[in-house]
*Asks:* 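Encoded as structure tokens, here's the structure I'll be asking about.
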Amino acid sequence: MTAPRVRFAPSPTGSLHVGGARTALYNWLFARRGGGTFILRIEDTDVERSRRELTDQILHAMRWLGLDWDEGPFFQSERGALYHEAADRLLAEGKAYRAFETPDELDAMKKSAAASGSAFRYDGRARAISKEESDRRAASGEKFVVRLNVPDEPLVVDDAVQGRTEFPAGALDDFVLVRSDGHPLYHFTVCVDDVAMGITHVIRGADHLPNAPKHVALFRALGAPLPVFAHLGMILGTDGKKLSKRHGAAGVEEFEAEGYLPAALDNFLALLGWSPGEDRERMTLAEMVSLFSLERIGPSPSRFDHEKLAWLNGQYLQEVPAARLIEMLKPFRVPDFDPELLARAIALHRSRARTLVDLAHALAIYGDDPMDFDAAGMKKFGKPDAAPLVRTLAERLSAAEPFTHAALEEAARALAAEKGLKLGDLAQPARLGLTGVLASPPLFELIEVLGKETTRRRLLAFADLLARVPAAH
RNA sequence: GCCGCGUUCGUCUAGCGGUUAGGACGCCGCCCUCUCAAGGCGGAGAUCACGGGUUCAAAUCCCGUACGCGGUACCA
């Protein structure tokens with residue numbers, strides 16, 4: 001088998017969302033697996049809706065995901081000559097023809113079709129116009145569209161994922177290839193480009209499956225062999241509806257901003273519709289490459305489960321080398337302190353975070369002293385008679401020598417024993433005073449990183465706060 | 001409406017004629033423990049959408065129905 005040539009062909013009418021990202025990923029995996037070529041093509045023929053910034057955003061998202069392309073990006077907006085050449089050839093060969101109906105006339109036809117309860121299909125009446133008349137009317141400046149002369153026979157799409165589907169003869173009308181203003185349309189540009197680029201496998205979302213017979217007809221008209229089609233089940237929201245804003249993040253750049261790791265998103269997306277079998281779930285891109293095959297892609301739609309993605313991201317967060325993690329954290333505003341201490345703080349907090357945003361947020365306690373204290377915690381520990389105990393603890397901890405978690409814990413345990421308390425009776429109020437919340441990494445390791453000065457200052461301030469709490473009755 | 005595709009625990013999935021229907025997320029419990037995570041162990045959770053066939057045997061093959069999704073442009 002010759003090396004595959006595949007392409008990812010987004011339209012820059014929106015940012016790269018997870019559905020598109022998964023399509024890109026599968027194409028990339030397939031290309032890499034087969035030692036083939038991955039081509040990036042920007043389908044910006046819709047001039048009204050395409051925006052340059054969105055192309056840049058898509059390119060950025062691709063790079064972020066680690067999906068490098070071998071050729072392109074090609075812009076369809078710059079390939080007009082190719083399409084017009086192809087249209088002229090089809091026209092000359094009688095495989096396409098000019099149709100001179102105006103939009104208003106077409107509307108009228110649609111309306112009458114709707115009135116009689118049938119679906120509108122262009123009836124191909126302009127096929128009857130002779131070549132001479134067609135040329136003459138075109139030359140005289142009359143507006144026309146170019147339509148494909150779709151043969152009256154069943155069209156078979158043999159899909160690697162969805163299986164064989166047959167579209168009966170007459171299911172398609174002679175659809176428009178080129179608009180009356182000269183702009184080539186989507187189906188046409190796709191096929192012309194796929195032929196020109198020697199695409200062997202078309203891997204894309206199942207929303208394109210109904211388009212596939214059009215493409216089959218077009219490939220034939222163009223005299224090109226059919227590529228293998230593989231239509232991927234759609235990615236839906238958790239409620240089974242089309243993915244939209246109210247399902248939370250859907251754009252790749254949103255996941256980046258929320259502190260997800262590209263490796264986690266790649267892994268998660270890969271599993272939406274594909275499974276390597278043998279209960280394999282966590283995989284690097286390289287592992288996916290070696291395991292990937294079209295045969296193991298399922299046909300059904302899947303739902304995007306943020307919970308599982310978050311879990312997976314947490315898993316990846318545990319494995320990132322410390323230095324790399326510090327790099328990754330940079331865009332997320334972490335307190336500026338000693339790099340060595342930062343590394344230790346990260347070691348303490350990473351297992352408690354599921355995203356970089358979580359982690360950066362957790363790291364904030366190493367910056368400013370806490371201003372707010374957890375309400376439930378204050379209800380439980382916020383009593384004036386707790387103040388002396390916290391004060392004593394502050395003194396004992398300050399005196400601990402060396403200032404290590406082992407010595408600190410020993411000091412705290414000794415104090416607890418003296419007072420006939422459990423360690424938790426001491427640790428929890430201390431944790432609250434030090435961090436403002438009741439959940440944190442092991443207290444004494446935290447204190448060790450926080451340092452003697454900060455610990456003492458916060459504990460003493462907290463004791464003062466406790467002393468001012470009105471006594472309960 | 002018409003055309004097409006899909007349907008295994010709540011979710012992602014394994015399964016490709018004979019399994020106690022497996023794994024993962026989430027959920028619950030236990031262990032660890034100064035709290036919260038992480039980790040370890042265990043549990044609940046699927047009459048394989050439904051109804052007919054084919055077969056000694058069906059989640060697996062065939063046909064209907066229901067539901068879901070997609071398409072139905074001089075959008076992509």
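Order of the sequence lines fixes the chain letters, A, B, ..., with proteins taken first and strands second; residue numbering starts at 1 for each chain.
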*Asks:* Can you tell me whether the side chain of Arg431(A) and the base of C34(B) have a donor-acceptor pair closer than 3.5 Å?
*Replies:* yes

*Asks:* When the P atoms of A14(B) and G52(B) are considered, how many whole Å apart are they?
*Replies:* 28 Å

*Asks:* Determine: side-chain N/O of Thr45(A) to OP1/OP2 of A76(B), distance under 4.0 Å, yes or no.
*Replies:* yes

*Asks:* Is it true that, when you exclude Glu319(A) itself, more than 12 heavy atoms of the residues, nucleotides or ligands shown sit nearer than 6.0 Å to its CD?
*Replies:* yes

*Asks:* Considering only A76(B), G4(B), A14(B), which nucleotide approaches the side chain of Leu185(A) most closely?
*Replies:* A76(B)

*Asks:* Please report the distance separating the P of G40(B) from the corresponding atom of C48(B), rounded so that it comes out in whole Å.
*Replies:* 33 Å

*Asks:* Do Arg354(A) and Glu258(A) sit within salt-bridge range, that is, some charged N less than 4.0 Å from a carboxylate O?
*Replies:* no

*Asks:* Which nucleotide, in any strand shown, forms a Watson-Crick or G-U wobble pair with U11(B), with both distances under 3.5 Å?
*Replies:* A24(B)

*Asks:* Strictly by Watson-Crick or wobble contacts shorter than 3.5 Å, is anything paired with C16(B), and which nucleotide is it?
*Replies:* none

*Asks:* For the side chain of Ser440(A) and the base of C36(B), is some donor closer than 3.5 Å to an acceptor across the two?
*Replies:* no

*Asks:* Quote, to the nearest angstrom, the C1' distance that separates A46(B) from G26(B).
*Replies:* 16 Å

*Asks:* Looking only at side-chain atoms of Arg352(A), point me to the closest of C36(B), C74(B), C34(B).
*Replies:* C36(B)

*Asks:* Quick one: are the ring centres of Tyr83(A) and His183(A) less than 6.0 Å apart?
*Replies:* no

*Asks:* Side chain of Arg303(A), base of C12(B): donor and acceptor closer than 3.5 Å?
*Replies:* no

*Asks:* Measure from the side-chain heavy atoms of Ser180(A) and tell me the nearest of G6(B), C74(B), C36(B).
*Replies:* C74(B)

*Asks:* Mind checking the P distance from U20(B) to C25(B)? Whole angstroms is fine.
*Replies:* 25 Å

*Asks:* Identify which nucleotide among A14(B), C36(B), G71(B) has an atom closest to any side-chain atom of Arg296(A), counting heavy atoms from C-beta outward.
*Replies:* A14(B)

*Asks:* Compare the minimum distances between each of C25(B), C74(B), C5(B) and the side chain of Val145(A), then state the nucleotide with the smallest one.
*Replies:* C74(B)

*Asks:* Determine which nucleotide pairs with C2(B), using a 3.5 Å limit on both distances of a Watson-Crick or G-U wobble pair.
*Replies:* G71(B)

*Asks:* Is there a donor N/O on one and an acceptor N/O on the other, under 3.5 Å, for the side chain of Ser351(A) and the base of A37(B)?
*Replies:* yes

*Asks:* Determine the interatomic distance between C1' on C28(B) and the same-named atom on G64(B); round to the nearest Å.
*Replies:* 42 Å

*Asks:* Mapping Phe444(A) and Val178(A) onto RNA chain B by nearest heavy atom, which one lands closer to the 5' end?
*Replies:* Phe444(A)

*Asks:* Just compare A76(B), C69(B), C36(B) and give me whichever is closest to any side-chain atom of Glu43(A).
*Replies:* A76(B)

*Asks:* May I ask which nucleotide in the shown strands pairs with U65(B), Watson-Crick or G-U wobble, both distances under 3.5 Å?
*Replies:* A49(B)

*Asks:* For U60(B) and G53(B), measure between their C1' atoms and round to the nearest Å.
*Replies:* 15 Å

*Asks:* Give me the distance, rounded to whole Å, that separates A21(B) from A59(B) when you measure between the C1' atoms they each carry.
*Replies:* 8 Å

*Asks:* Any strand counts, and the cut-off is 3.5 Å on both contacts for Watson-Crick or G-U wobble. Which nucleotide pairs with A59(B)?
*Replies:* none

*Asks:* Look at Glu445(A) together with Arg344(A) and state whether they make a salt bridge at an N to O cut-off of under 4.0 Å.
*Replies:* no

*Asks:* According to a strict under-4.0 Å criterion, is Arg51(A) in side-chain N/O contact with OP1 or OP2 of A76(B)?
*Replies:* no

*Asks:* Are the charged groups of Asp369(A) and Arg458(A) less than 4.0 angstrom apart, N to O?
*Replies:* yes

*Asks:* Closer than 4.0 Å, any side-chain N/O of Arg179(A) to the OP1 or OP2 of C75(B)?
*Replies:* yes

*Asks:* Could you check whether the side chain of Asp279(A) and the base of G22(B) have a donor-acceptor pair of N or O atoms closer than 3.5 Å, going by distance alone?
*Replies:* yes

*Asks:* Is there a side-chain polar atom (N or O) of Ser302(A) under 4.0 Å from OP1 or OP2 of U13(B)?
*Replies:* yes

*Asks:* In whole angstrom, give me the gap between the C1' atoms of C16(B) and U11(B).
*Replies:* 23 Å

*Asks:* Within the distance-only criterion (no hydrogens, no angle test), does the side chain of Tyr316(A) pair as donor or acceptor with the backbone N or O of Leu265(A) below 3.5 angstrom?
*Replies:* no

*Asks:* Given G39(B), is OP1 or OP2 found less than 4.0 Å from the side-chain N or O atoms of Gln315(A)?
*Replies:* yes

*Asks:* On RNA chain B, nearest-nucleotide positions of Arg121(A) versus Lys110(A): which is more 5'?
*Replies:* Arg121(A)

*Asks:* On a plain distance test, is the side chain of Gln162(A) in donor-acceptor contact with the base of G6(B) below 3.5 Å?
*Replies:* no

*Asks:* Look through every strand shown and name the nucleotide pairing with A38(B) as Watson-Crick or G-U wobble, where both distances are under 3.5 Å.
*Replies:* none

*Asks:* Of the options G6(B), C74(B), C5(B), whose atoms approach the side-chain atoms of Thr165(A) most closely?
*Replies:* C5(B)

*Asks:* Kindly state whether the ring of Phe304(A) and the ring of Phe255(A) have centres lying under 6.0 angstrom apart.
*Replies:* yes

*Asks:* Strictly under 6.0 Å, is that where the ring centroids of Trp274(A) and Tyr26(A) end up?
*Replies:* no

*Asks:* Using the side-chain heavy atoms of Pro299(A), tell me which of these nucleotides is nearest: C3(B), U7(B), A76(B).
*Replies:* U7(B)

*Asks:* Does Arg147(A) place a side-chain N or O at less than 4.0 Å from the phosphate oxygens OP1/OP2 of A73(B)?
*Replies:* no

*Asks:* Can a side chain N or O of Arg413(A) be found less than 4.0 Å away from OP1 or OP2 on C34(B)?
*Replies:* yes

